There are 6 protein chains.
Amino acid sequence: MRLTEFCERLDDELRTGDFADLDASANGLQVGPERGTVERVAFCTDGVRQTFERAADWGADAVVVHHGISWGGIERITGRTYGRVAPLVDHDVALYVSHLPLDSHPELGNAAGLADLLALEDREPFGRVGPEHVGQRGRASDAFTVDELRETLAGELSTGGQPVRTIDFGPDEIRDVAIATGDGSDYVPEAGAKDVDALVMGEGKQKTYHEAREAGLNVFLAGHYATETFGVRNLQDWVETWDEGIETTFLDVPTGL
Amino acid sequence: MRLTEFCERLDDELRTGDFADLDASANGLQVGPERGTVERVAFCTDGVRQTFERAADWGADAVVVHHGISWGGIERITGRTYGRVAPLVDHDVALYVSHLPLDSHPELGNAAGLADLLALEDREPFGRVGPEHVGQRGRASDAFTVDELRETLAGELSTGGQPVRTIDFGPDEIRDVAIATGDGSDYVPEAGAKDVDALVMGEGKQKTYHEAREAGLNVFLAGHYATETFGVRNLQDWVETWDEGIETTFLDVPTGL
Amino acid sequence: MRLTEFCERLDDELRTGDFADLDASANGLQVGPERGTVERVAFCTDGVRQTFERAADWGADAVVVHHGISWGGIERITGRTYGRVAPLVDHDVALYVSHLPLDSHPELGNAAGLADLLALEDREPFGRVGPEHVGQRGRASDAFTVDELRETLAGELSTGGQPVRTIDFGPDEIRDVAIATGDGSDYVPEAGAKDVDALVMGEGKQKTYHEAREAGLNVFLAGHYATETFGVRNLQDWVETWDEGIETTFLDVPTGL
Amino acid sequence: MRLTEFCERLDDELRTGDFADLDASANGLQVGPERGTVERVAFCTDGVRQTFERAADWGADAVVVHHGISWGGIERITGRTYGRVAPLVDHDVALYVSHLPLDSHPELGNAAGLADLLALEDREPFGRVGPEHVGQRGRASDAFTVDELRETLAGELSTGGQPVRTIDFGPDEIRDVAIATGDGSDYVPEAGAKDVDALVMGEGKQKTYHEAREAGLNVFLAGHYATETFGVRNLQDWVETWDEGIETTFLDVPTGL
Amino acid sequence: MRLTEFCERLDDELRTGDFADLDASANGLQVGPERGTVERVAFCTDGVRQTFERAADWGADAVVVHHGISWGGIERITGRTYGRVAPLVDHDVALYVSHLPLDSHPELGNAAGLADLLALEDREPFGRVGPEHVGQRGRASDAFTVDELRETLAGELSTGGQPVRTIDFGPDEIRDVAIATGDGSDYVPEAGAKDVDALVMGEGKQKTYHEAREAGLNVFLAGHYATETFGVRNLQDWVETWDEGIETTFLDVPTGL
Amino acid sequence: MRLTEFCERLDDELRTGDFADLDASANGLQVGPERGTVERVAFCTDGVRQTFERAADWGADAVVVHHGISWGGIERITGRTYGRVAPLVDHDVALYVSHLPLDSHPELGNAAGLADLLALEDREPFGRVGPEHVGQRGRASDAFTVDELRETLAGELSTGGQPVRTIDFGPDEIRDVAIATGDGSDYVPEAGAKDVDALVMGEGKQKTYHEAREAGLNVFLAGHYATETFGVRNLQDWVETWDEGIETTFLDVPTGL
């Protein structure tokens, strides 16, 4: 399959163009000779030297990631950036990136995958970024206690051995759950305003504690990496269904963050 | 003591004006009637409803914090902001804020305090922000192992019961230590370029894991709150030495973040 | 009535959201605990310490003003701003602001009220600001002389004892009248281009004299305050018609400017 | 005298270059063929069609004004701008402009001239604009009452028949006087902070009333034009002293604003 | 014919308003007394002193140009700008400018005229600028060789005696041709991506050589002036068809650039 | 020699840091693994695929160029950029870039080299860019005629077979010469104001013709490439003098532009 066509299919499904002015990430093809072909594709969350080297070892023609290497432009291909670009160029591996478009996809996205895990119903978009939303909210058919929700997350996610932290200023019984994968710290006010019982996010910040307290909200910090493998794995499953017989692999490199 | 004079002394010592274009925080007096007087001053890290209410209960005339309420301007005094402003105004408590100026102070600052704790020698500025530095680096007279340094931090800091996380891609023996309190995630490249053995920071981000790995660096995540009580406590000690007989208290509200 | 619902009704009627990118004023609720309730509402043109104190004395739950306290963000709640915020917070008075949305409203607005006073017919929007208009123009059924129009304005408006100034470079007989309440100095060119006979504004600037002269236009400076009481008084009348039995008052504090 | 040399002498004395980033006005030569010569120069406050035509009628080679025609760039030489440019070009009259540099000059400037009129002593800069000041403050050897100061201003200034308005929330006896000629409405807070007894300005705005009230300040609105003839008349006197025998005239066109 | 109406007709046909945010040129009337009338109109590519003087000598009431004098605002009417404005004002010649709107017009525009010359078929827009296109592409019914296309251009265009330069890294046989008149150097990547055989432009830059080489593209540098006389001559022809009997002339001043 | 030290020596000599805010080019090391070493260095004007491949074929460890690949940041390493980066990464060739710093250097720079060629005396900086100058001016001991100067340039420079174009609106006898290598089109006004007899530049624009005419100036367009080989060849000579025994080569790829 031509690399160009591979990228176009993903761009179409993920509406890459709609996020051009919203996302610092340069989504779509970030590294690649455009006239290449694609038979083997690796999927992973972070586009870094370790995953690029593993993709090259596996014989990938392309690697699809959530976190790429171009955030507002690469000034110099030196130091850390050189260390990331070199294995791609040396082994002719193209890099395709989908950041907010992949968070945002209503079925394939990171928040959608986490909402599936929690079996939330009555889904609605959550986590407003301009005209788009990068999260989801929904309702649990059976309420969770704080401990049950933490244990569910800790048991199912790839947390790299780190605990799931809770900030439990909300109700004991949790039915309405909002999800903001990755860095969710900007969405506590929206969760407070929408009167959900809990906000599940990846990574918080210092301000998250008091914002949760003042909003009377339960916040679960399940890990940036742990909450953001859904999107790339869903893309992998989707690519597997194509007629082109593309071989795929998922590279799991948990960071515990 | 007149509130105006109180603020001027702090502004002079902390060089507040030099940070006007560097810091999103509006440093100096953020809330207050300017013609007030100051006899009792509370010190704490976070300026939030909980600490403002405790300061008011204690009878404070002013509260001195590291994290204030004006970051690039307050558009509306509603919701969470109203909940923070109201206890100050209702009880005539002035709010004095010092963010980057307090990180940066070579003796009283947060990084200085943490470097004191680790008994680092040959101190130099670290953590460049424009023409200023918000961290420090130095050399341990006796090398730490990774475990020893983690245990020292966990044992001495107010971590709110949370563990100190290590990302140990650096040497086993740690002599040269860089410090960036609070959110230190922007300073991994500088630490890598300066060939220190370890970077001690408060709070990291997802990117920190692979940046540390690619730089061959040990990173210690000791907690945003836990690494940022030094500055306000040092200010408290300094104010206690004045002739004016100001009464002080420190309000410890660890967030575990 | 819940404060939230009170604000929503006004926001809907005044189309507050449509002015978000046009107006430096943060329109809508500027100060308030959001979960409050509203039974007594004061209306006035200027949101300042004097009017806030009078509203508090009268027992207002909310005060609705044309000129609020947040214009591009409040950096510090100190000095003059503290003096304005304190009476609101101390007496639990919410502050609702409508600047350009209230100038612009086709029936309730300031320009509409002044056009009603002059009995102008064939009204059209005037005073373009982006896609909106903050003034009106219309035609007098009986022409005014310059003196008649000045005397009408001086007789009917709350000018605080100050004269209505005329710059009379236009025709002796005035039929077509444009209105730009408050600071109208940006709209002389538009009035010149549209060939009206007179522009009635509140406050002018030095440049207004020669711009009027070069455009061959009569300009009437009737006072910023004097031309901007219509909107808040119309809002008051409208709120009085609601079923909720809200008690209202209008606080008249002419500035003579 | 060559026009180039004429402009350079004024630019040097007025420090035109130091205001390049502070002033919207394009100070210095705004219209002119650079290789022209100068024998007759008209001086006036406002650079407008009326004054340019009068300058041309008088046979001026150049006209020196405080308010020019280029404020942030001329997009089109049409309409009002064409009406101003045409008499200059048609009669080969060069236009030299000095806005903030002329407000600011410590001896020749507008504020300096008004301070001379009031015989203020112990002069200091007032009215901060970046690193410069556009006003002055000083101390009257004999205190004024509010009425005395108003009458002095009304009697001496070219007010075009308009009254001097007072907003008298300050002390009855006025010793310390700050001066901000032209539009002085941005300087009420500085006057309040510096505890002067009165601020004399040209033109105010609606907000001036309450700002003066809340600062406990006397404000005198003496007219934009009336307070800004000093600078150009002082320049005229200075040019008269040159050896080149340049003939001069002052064109007095009061606006009453 | 009134000048205002003359300008409105051109603005309508050329969709001047749609280019307001895309073009540094202030399109439409740039110099003129608005209330003037138009009986004789000169057309030329460059609005400069030489063409303005020739237009005035011919007795023009207006001159219509592709390159005007206001690009992002005129700060001062001095030096070169004075030398251009003076002949217009002195002889009451209005200046009408159409830059990108005239490049872009699908029948009257510069690219359209050059595509007519080359008898290109199946025309499509080329040369994207925001939502507009400033060039065209099309297909030659009979293929050109590189030499044939160069000779056609050299033979038909007003090149001022300068050669047409070719950079011939594309195919020997040229069927698909893209056109970007004037400075075409920004459009080599678009031409490369669209797989045309040749890009005909006016003026290139240093980077054009290697960009053409790396894209495998033939580039023809036919001259900025030489490729941009079509638009103004097409406007001239169009104005000639009006009922108003306007007399016209075309002023040919080739620059050889 | 370590690559880091190689870059530091060049950065020091060329004052790379002083141009950080003036130059769109990211000067200094643009591509490279920083911990590399340098024994063989190629020098050329343009950093493009062709020169990078030739440098790799020659066995270069580094290539030093005037025109690099990062101008305001690389958004994606795809298409043309991939084609340029790949030969560098594949063959471990580092890329060092010096744009304005190399134009500007008083002895080694491009303008200096061209002034040497013309044997100009009494050199002064010319071509102001912020606080720096990117050109030079000087005086010929024996005056040139226009033809003599053109022939000198055509005879000595690497013009790729293209003629040197003259725009000869200046004096017949040329003594004072200003030089702006590469794209010199922004410096015609400065040359006009400084009353030089001729401006020698690389590449002009359409506007250059009339600007030269209106300034009464001779302009010589000697080619962007042809005027910008001096700097890199001077750097080569300088590196040859070092004790490190670095082998060098110059890659001459004239563009004729």
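Chain letters run A, B, ... following the sequence lines, proteins first, then strands; residues in each count from 1. Owing to the predicted nature of the structure, the values given are computational and were not obtained by experimental measurement.
Side chains of B/R84 and A/H210 form a contact here, defined as non-hydrogen atoms less than 4.5 Å apart.
Looking at B/K205 and A/E203, no side-chain N of the basic residue comes within less than 4.0 Å of a carboxylate O on the acidic one, giving no salt bridge.
Among the candidates B/V253, B/T255, B/L221, the residue making the largest number of heavy-atom pairs closer than 4.5 Å to chain A is B/T255. If you tally non-hydrogen atom pairs under 4.5 Å between each of A/T51, A/D183, A/V48 and chain B, the highest count goes to A/V48. Most heavy-atom pairs under 4.5 Å with chain A: of the set B/G223, B/G256, B/A193, B/G204, this distinction falls to B/G256.
Crowding of B/D252 atom CG: a count of heavy atoms from other residues, nucleotides or ligands under 6.0 Å exceeding 12. Summarising the local packing, CG of A/D172 is surrounded by 12 or fewer heavy atoms from other residues, nucleotides or ligands at distances under 6.0 Å.
The minimum heavy-atom distance linking A/Y225 with B/Q206 is given by the pair N-OE1, 3.7 Å.
Looking at B/E214, the atoms closer than 4.5 Å to chain A (heavy atoms on both sides) sit in the backbone and in the side chain alike.
Contacts from residues 155-166 of chain B to chain A, taken as heavy-atom pairs separated by less than 4.5 Å, involve B/Q162, B/R165 in sequence order.
Atoms NE2 and NZ, from B/H224 and A/K207 in turn, are 11.0 Å apart once rounded to the nearest 0.5 Å.
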